Visitor: 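Quick one: the structure is below, questions incoming.
In this text the structure is predicted, and so the values were computed from the model without any measurement. Only this structure's heavy atoms are used, side chains among them; waters, hydrogens and symmetry mates stay out. Each ligand, and each atom within it, is numbered from 1 in the order the structure gives.
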Amino acid sequence: MLDAVVVGAGFAGLYMVHLLRNRLGLSVQGIEAAQGVGGTWYWNRYPGARCDIESQLYCYSFSPELEQEWNWSERFPAQPEVLDYLNHVAERFDLMRSFTFDTRVVGADFDETTDTWLVCTDGGARIRARFFIAATGNLSAGRIPDFPGRDDFRGNTYFTGDWPHETVDFSGRRVALIGTGSTGVQLVPHVAQQAAALTVFQRTPAYACPLGNRPLDTEAMARIKANYPAIRQREWDFPGGVIFDDVRPSALAETPEARQHFYEQKWRAGGMNLWLGSYEDILVDERANETVAEFIRDKIRTRVENPDTAEKLTPRGYPFGAKRQTLEDGYYDAFNQDHVELVDVRTTPIECITPDSIRTADRDYLVDDIIFATGFDAFTGSLYRMNIRGRGGRLLSDHWAAGPRPYLGLNTSGFPNLFFITGPLSPSVLFNMPRAIEQHCNWVADCIAHLLEHDYRAIEAEPEAEQGWVEHVREVADATLLPKADSWYLGANVPGKPRVFMVYLGGCANYKKICDDVTAAGYQGFALT
Ligand code: FAD
Ligand code: N01
């Protein structure tokens with residue numbers, strides 16, 4: 001029997017295995033469906049895939065040596081560079097040998113007689129372990145909508161979250177792209193460059209802001225390296241762990257002229273500056289939000305030459321920032337090219353896919369290739385696909401039928417010794433993910449060390465603590481504008497999914513303090529047996 005099974009070899013699984021094996025000396029088996037490490041950065045190889053958190057933040061902080069030896073080449077690294085980084089980490093900390101690749105966990109059952117987990121894979125392996133750790137990613141369970149006729153299409157189809165490893169050449173082809181979230185927005189300029197014709201099917205226009213990417217030269221990287229300790233400290237001063245200069249309290253407290261000037265500065269600064277780094281009230285006050293929303297709408301009108309297309313691309317009816325901020329580099333300009341067309345599927349919905357076209361309410365669009373940039377069954381998708389059963393054989397998906405309910409996002413009642421890394425109801429995707437992952441993995445490793453040291457067999461959230469956390473997460477979210485858009489944060493992109501805001505918005509430092517206080521109080525809210 002092993003001490004632990006860790007599922008996933010992305011940022012989370014790699015660090016979790018490092019802590020459990022290299023620091024605690026435990027026996028650990030990592031299991032990964034992909035043929036290599038990287039998680040998100042292994043699967044999402046579509047043209048234009050790129051990180052939108054600055055490279056010095058979007059990386060591990062646990063090893064000063066790693067920080068000093070790795071050089072980032074751009075402010076916002078592209079997918080191959082992040083994947084290289086994660087491969088380097090896996091090699092450097094000798095993690096590969098702990099993973100079985102090309103293997104999917106398809107079942108996990110808690111055995112109440114031995115307080116152990118029996119983990120089953122698609123290869124037929126059955127692995128018993130005391131601790132079962134889901135580092136399976138919030139955005140790893142891809143979702144292609146069930147358009148009628150989808151399987152009849154005779155051309156090529158692509159899903160962005162499972163992109164082919166070989167280069168896809170769209171030259172001379174008529175390409176359809178469905179979806180204009182962060183992925184679609186990154187893809188459009190690249191596909192437009194190659195394709196003979198590109199038709200973009202949009203359901204909700206994005207509030208896309210400029211990425212503002214630039215190369216990092218040797219001096220810039222040397223400055224970053226010299227400053228890492230200070231950067232790491234400062235990250236915790238910001239609710240999302242992303243550092244900004246000059247964040248102001250209220251958009252409504254300033255004159256329209258001052259506000260306009262400030263928004264211009266933030267627009268030019270690029271990245272998440274308008275969203276998380278401008279005025280604090282834009283995510284809590286609708287009138288404040290409307291000031292920045294209108295600023296962005298004006299920018300779109302200026303960028304897009306055709307007024308009808310500009311109008312279709314203009315977001316309305318939901319607050320800016322309530323869906324995940326989308327950053328662009330050439331997205332709006334692509335629509336100024338004659339061979340790029342925008343179809344608004346709210347006015348003319350997609351009825352079906354035929355063998356050679358996408359059929360909307362008003363016509364057939366003949367295409368050779370279809371790209372689905374349609375997102376993920378976020379947070380719970382990858383967990384439910386493992387068929388996890390806790391006490392009494394209860395399925396996790398049944399326990400969470402009304403929405404996920406893990407205490408602190410870490411563990412849920414009835415499922416002892418199961419840990420979620422950046423699970424639902426933790427700050428997860430609204431906290432710079434590598435830092436959120438480190439914080440969770442550290443907590444889990446400390447917890448396991450504590451259990452082993454004191455001869456406990458199991459840890460499990462108490463139902464009252466779980467309920468209290470569910471309510472707290474909802475109250476904090478309801479005090480903001482974020483539940484006011486149909487986003488994947490809420491599960492709104494998956495028909496039939498309960499509408500529950502799945503991210504804790506109390507801020508990363510506050511959340512970390514709650515976790516640390518729980519530990520200091522003897523794992524308050526958890527039963528240790
Ligand atoms: P993942 O990287 O998703 O890894 C989970 C792994 O678990 C996957 O490799 C998967 O194959 C494996 N797995 C899942 N289920 C099973 C199973 N049953 N059996 C075996 N293996 C399984 N976040 C940011 O903070 N900034 C960004 O700029 C950013 N950009 C992103 C860009 C894209 C295109 C996407 C999709 C997400 C982005 N994210 C970003 C979020 C990103 O997912 C996280 O930053 C981070 O990479 C998550 O790491 P992880 O290890 O938790 O999960
Ligand atoms: O997925 P999404 P994504 N008919 O769910 C549309 C991270 N990420 O892959 O908005 C027609 O955001 C859907 O429309 P609507 C980031 O956290 C980061 O783009 O639901 N359209 C939407 O336009 C991001 O948020 C980067 O109305 C349909 C799109 O498909 C997360 O991953 C890059 C449809 C899906 O957008 C997910 O991003 C990429 C239907 N039936 C990803 N169903 C960075 O830049 C869905 N859509 C760092």
Visitor: Suppose I only count heavy atoms of Ala373 and a 4.0 Å limit; which atoms of ligand 2 are within that range?
Guide: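 Those atoms are 29 (C), 30 (O), 35 (C).
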
Visitor: May I have all residue pairs that pass salt bridge (charged side-chain N to carboxylate O under 4.0 Å, His left out) and include part of residues 87-102, sequence neighbours excluded?
Guide: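 Qualifying pairs: Arg21-Asp94, Glu69-Arg92, Asp94-Arg97.
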
Visitor: Considering only heavy atoms of Lys323, which atoms of ligand 2 have at least one such atom less than 4.0 Å away?
Guide: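 Here the atoms of ligand 2 in question are 10 (O), 15 (P), 20 (O).
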
Visitor: Looking at non-hydrogen atoms alone, which of Pro145, Gly181, Gly161 comes nearest to atom 22 (C) of ligand 2?
Guide: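 Nearest option to atom 22 (C) of ligand 2, by heavy atoms: Gly181.
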
Visitor: So which bit of Ile421 gets within less than 4.0 Å of ligand 1, heavy atoms only: side chain, backbone, both or neither?
Guide: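 It is neither part, as no heavy atom is under 4.0 Å.
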
Visitor: Tell me, please, which residues at least two apart from Asp369 pass salt bridge (charged side-chain N to carboxylate O under 4.0 Å, His left out).
Guide: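 Partners of Asp369 by the salt bridge (charged side-chain N to carboxylate O under 4.0 Å, His left out) criterion, ordered by chain and then number, come out as Arg173.
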
Visitor: If you measure from atom 28 (C) of ligand 2 to every heavy atom of Arg203, Glu328, Met272, which option wins on shortest distance?
Guide: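 Among Arg203, Glu328, Met272, the closest heavy atom to atom 28 (C) of ligand 2 belongs to Arg203.
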
Visitor: May I ask you to check if ligand 2 and Gln186 share an N or O to N or O distance below 3.5 Å?
Guide: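 For ligand 2, there is an N or O atom that lies under 3.5 Å from one belonging to Gln186.
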
Visitor: Below 6.0 angstrom between ring centroids: does that apply to Trp275 and Phe244?
Guide: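 So the answer is no for these two rings.
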
Visitor: Applying a heavy-atom cut-off of 4.0 Å, say which part of Tyr42 lies close to ligand 1: side chain, backbone, both or neither.
Guide: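 Contact part for Tyr42 vs ligand 1: neither.
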
Visitor: Give me the residue, atom name and distance of the protein heavy atom closest to atom 4 (O) of ligand 1.
Guide: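 Atom 4 (O) of ligand 1 sits closest to the protein heavy atom Gly39 CA, 3.5 Å.
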
Visitor: Atom 18 (N) of ligand 1: which protein heavy atom is closest, and how many Å away?
Guide: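 Result: Val105 O, 3.0 Å.
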
Visitor: Starting from atom 53 (O) of ligand 1, which protein heavy atom do you reach first, and at what distance in Å?
Guide: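 Result: Gly137 CA, 3.2 Å.
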
Visitor: Is the closest heavy-atom distance from Met433 to ligand 2 below 4.0 Å?
Guide: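 Under 4.0 Å: no for Met433.
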
Visitor: Backbone or side chain, does any N or O of Thr160 fall under 3.5 Å from an N or O of ligand 2?
Guide: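 Checking ligand 2 against Thr160, no N or O pair falls under 3.5 Å apart.
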
Visitor: Check each atom of ligand 2 against the heavy atoms of Gly179 and keep those under 4.0 Å away; list them by number with element.
Guide: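 Those atoms are 6 (C), 23 (O), 29 (C), 30 (O).
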
Visitor: Does ligand 1 have an atom that lies less than 4.0 angstrom from a heavy atom of Trp43?
Guide: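 The answer is yes: ligand 1 sits under 4.0 Å from a heavy atom of Trp43.
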
Visitor: For atom 38 (C) of ligand 1, what's the nearest protein heavy atom and its distance?
Guide: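 That would be Thr40 CG2, 4.0 Å.
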
Visitor: Does NZ or CZ of Arg203 lie under 6.0 Å from the centre of the six-membered ring of Phe201, at an angle within 45° of the ring axis?
Guide: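 Cation-pi check for Arg203 and Phe201: fails.
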
Visitor: Do me a favour and list the nearest non-hydrogen protein atom to atom 27 (C) of ligand 1 with residue, atom name and distance?
Guide: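 The protein heavy atom lying closest is Asp52 OD1, 3.5 Å.
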
Visitor: What I want to know is whether Thr180 and ligand 2 share at least one N or O pair that is separated by under 3.5 angstrom.
Guide: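 Between Thr180 and ligand 2 (N or O atoms, distance only) the closest approach is under 3.5 Å.
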
Visitor: At a 4.0 Å cut-off, with the gap strictly under it, does some heavy atom of Phe201 reach an atom of ligand 2?
Guide: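 The answer is no, since Phe201 has no heavy atom less than 4.0 Å from ligand 2.
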
Visitor: Check for me whether Phe147 has a heavy atom closer than 4.0 Å to any atom of ligand 2.
Guide: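 Judged by the 4.0 Å heavy-atom criterion, Phe147 does count as contacting ligand 2.
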
Visitor: Is any N or O atom of Tyr46, backbone or side chain, closer than 3.5 Å to an N or O atom of ligand 2?
Guide: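 Between Tyr46 and ligand 2 (N or O atoms, distance only) the closest approach is not under 3.5 Å.
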
Visitor: Mark up the atoms of ligand 2 that fall under 4.0 Å of a heavy atom belonging to Arg50, in ascending order.
Guide: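 Those atoms are 44 (C), 45 (O), 48 (C).
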
Visitor: Please list the nearest protein heavy atom to atom 15 (N) of ligand 1 with its residue and the distance rounded to 0.1 Å.
Guide: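 Of every protein heavy atom, Thr136 CG2, 3.5 Å lies nearest to atom 15 (N) of ligand 1.
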
Visitor: Step by step, work out the side-chain hydrogen bond (donor to acceptor under 3.5 Å, both in side chains) result for Thr380 and Lys497.
Guide: CA-CA 10 Å; Thr380 51; Lys497 201 166 169 175; 3.2 Å; yes

Visitor: Which of the atoms of ligand 1 are close to Val7, meaning less than 4.0 Å from one of its heavy atoms?
Guide: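 Counting atoms of ligand 1 from 1, those under 4.0 Å from Val7 are 16 (C), 17 (C), 19 (N), 20 (C), 21 (N), 22 (C).
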
Visitor: Considering only the protein, which heavy-atom contact is closest to atom 12 (C) of ligand 1, and what is its distance?
Guide: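 Protein heavy atom with the smallest distance to atom 12 (C) of ligand 1: Glu32 OE1, 3.4 Å.
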
Visitor: Using a heavy-atom cut-off of under 4.0 Å, does the side chain or the backbone of Ile437 touch ligand 1, or both, or neither?
Guide: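 Side chain only; the backbone of Ile437 stays clear of ligand 1.
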
Visitor: What part of Ala141 sits under 4.0 Å from ligand 1 if we count only heavy atoms: the side chain, the backbone, both or neither?
Guide: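 It is neither; nothing of Ala141 touches ligand 1.
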
Visitor: Just to confirm my output: which protein heavy-atom neighbour is closest to atom 32 (C) of ligand 1, and how far is it?
Guide: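 So the nearest neighbour among protein heavy atoms is Trp41 CH2, 3.7 Å.
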
Visitor: Could you check whether any side-chain N or O of Gln186 sits under 3.5 Å from a backbone N or O of Pro47, counting only pairs where one atom can act as donor and the other as acceptor?
Guide: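 Flag not set: sc Gln186 to bb Pro47 has no pair under 3.5 Å.
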
Visitor: Answer side chain, backbone, both or neither: which part of Tyr46 comes under 4.0 Å from ligand 1, heavy atoms only.
Guide: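 The part of Tyr46 near ligand 1 is the side chain, not the backbone.
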
Visitor: Counting only heavy atoms closer than 4.0 Å, does ligand 1 sit against the backbone of Met386, its side chain, both, or neither?
Guide: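 The answer is the side chain of Met386.
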
Visitor: If we only consider heavy atoms of Val429, is any one of them less than 4.0 Å away from an atom in ligand 2?
Guide: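 No.
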
Visitor: Taking only heavy atoms of Leu139, which atoms of ligand 2 are found under 4.0 Å from at least one of them?
Guide: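 Listed by number with element: 7 (C), 17 (O), 31 (C), 32 (O).
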
Visitor: Can Gln202 be said to touch ligand 2, with heavy atoms closer than 4.0 Å?
Guide: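 No; Gln202 lies far enough from ligand 2 that no heavy-atom distance drops under 4.0 Å.
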
